Amino acid sequence: MNLPSSLALPQSKLFQSRIGLVLLLVLAVLIAAGVFLLTRPVAPTKMPTVATSPAAVATPRPQSRPVATPPSIVYGPPAPDWVERAPVAPATGAPAAAAPAP
């Protein structure tokens with residue numbers, strides 16, 4: 001006899017609904033992505049070579065001739081003598097005591 005038992009579970013309608021199908025597809029995609037990521041070959045580690053080594057730093061070549069300083073740029077004729085000129089800022093690295101007093 002095929003009588004229903006009191007222990008029989010009611011049939012689920014989860015996989016008959018749209019949400020159930022979407023959840024089943026998402027689960028299948030996650031499993032496929034996990035299998036894909038776990039089965040692909042791992043890239044070998046890169047060992048430093050002469051070209052990529054931190055010790056391979058190019059040293060500057062010695063200059064065969066001294067480097068000439070570029071000429072200063074002059075905008076127009078020189079100013080007359082009555083013009084008050086601002087003092088020139090000291091070069092970087094010069095001590096503050098070497099600066100001209102105003």
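This structure is a prediction, so every number in the text was calculated from the model and none was measured.
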Distance-only check: which donor-acceptor pairs under 3.5 Å involve side-chain atoms of residues 23-37, not counting sequence neighbours?
none

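The side chain to side chain contact (heavy atoms under 4.5 Å, CB included) check on Pro77 picks up nothing, with sequence neighbours excluded.
Through direct or indirect side-chain contacts shorter than 4.5 Å among Ile, Leu, Val, Met, Phe, Trp and Tyr, Val83 is connected to Trp82.
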